[in-house]
Amino acid sequence: MTVARMWLQGQAVQLEPTVLVVPVEILAPDQIGPKNEVDYPAPFVTLRNLQGKPLQVLGAKESCACATATSLPATIEPFGTLHIPLRLSETARGTQTLTFFTDAPATPRLTCRVEFRGE
């Protein structure tokens, strides 16, 4: 759905992607930070503010600690964009969900599915 159509339908925020595919091969060898956690430059989600006033991203709820959103809470300026990096565990497998919470009455929750594929 285009951003203009979403805005016309009263949606205040857009989440991209709604399905994030992460190859499990990237998780094991390049450890950075605490044990069993890696940072990979690609996994992030984008929230786009479709309204003419600031939008608060209050936080996120993860179905598993293997994929967690970082840098929250945050404010997205009017018609602005926020890239939310994900911290991944090397043991991540299967499909997990991330639910983001906003202060927008029309779209208080947005969900992204994270699929770990490979091996």
Next on the checklist: Would the distance check show the side chain of N49 and the main-chain N or O of G80 forming a donor-acceptor pair, the cut-off being under 3.5 Å?
Outcome noted: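 The answer is no, because no donor-acceptor pair under 3.5 Å joins these two groups.
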Checklist entry - Is T70 reaching over with its side chain to a backbone N or O of P85, donor-acceptor style, under 3.5 angstrom? => result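 Such a contact is found between T70 side chain and P85 backbone.
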Next on the checklist: So if I apply the side-chain contact (heavy atoms from CB on, under 4.5 Å) rule between C112 and each of L15, T97, T99, which one comes out positive?
Outcome noted: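 Single pass found, and it is L15.
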Item to check | T107: which of L47, L50, V13 passes side-chain contact (heavy atoms from CB on, under 4.5 Å) | outcome: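 So the option named by the test is V13.
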Checklist entry - Is L72 linked to I76 within one hydrophobic cluster, defined over Ile, Leu, Val, Met, Phe, Trp and Tyr using a side-chain heavy-atom separation of less than 4.5 Å? => result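 They do share one cluster, since a chain of ILVMFWY contacts under 4.5 Å joins L72 to I76.
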Next on the checklist: Quick test of your reading: applying salt bridge (charged side-chain N to carboxylate O under 4.0 Å, His left out), list the pairs with at least one residue in residues 94-116, sequence neighbours left out, ordered by first then second residue.
Outcome noted: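 Sorted result for residues 94-116: R113-E115, E115-R117.
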Determine the minimum heavy-atom distance between [X] and [Y], stating which atoms define it.
X: G52; Y: F79; value: CA-CE1, 3.4 Å
X: A69; Y: F100; value: CB-CE2, 3.8 Å
X: F116; Y: A67; value: CZ-CB, 3.9 Å

Next on the checklist: Rounded to the nearest 0.5 Å, what separates atom SG in C66 from atom CZ in R93?
Outcome noted: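 C66 SG to R93 CZ: 9.5 Å, rounded to 0.5 Å.
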Item to check | From CA spacing to verdict: side-chain contact (heavy atoms from CB on, under 4.5 Å), L98, L86 | outcome: CA-CA 10 Å; L98 291 169; L86 304 179; 3.5 Å; yes
Checklist entry - Which pairs, with at least one residue in residues 54-63 and sequence neighbours excluded, count as a side chain to side chain donor-acceptor pair (under 3.5 Å)? => result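 Checked against side chain to side chain donor-acceptor pair (under 3.5 Å) - neighbours excluded - the pairs reaching residues 54-63 are Q56-T75, S63-Q96.
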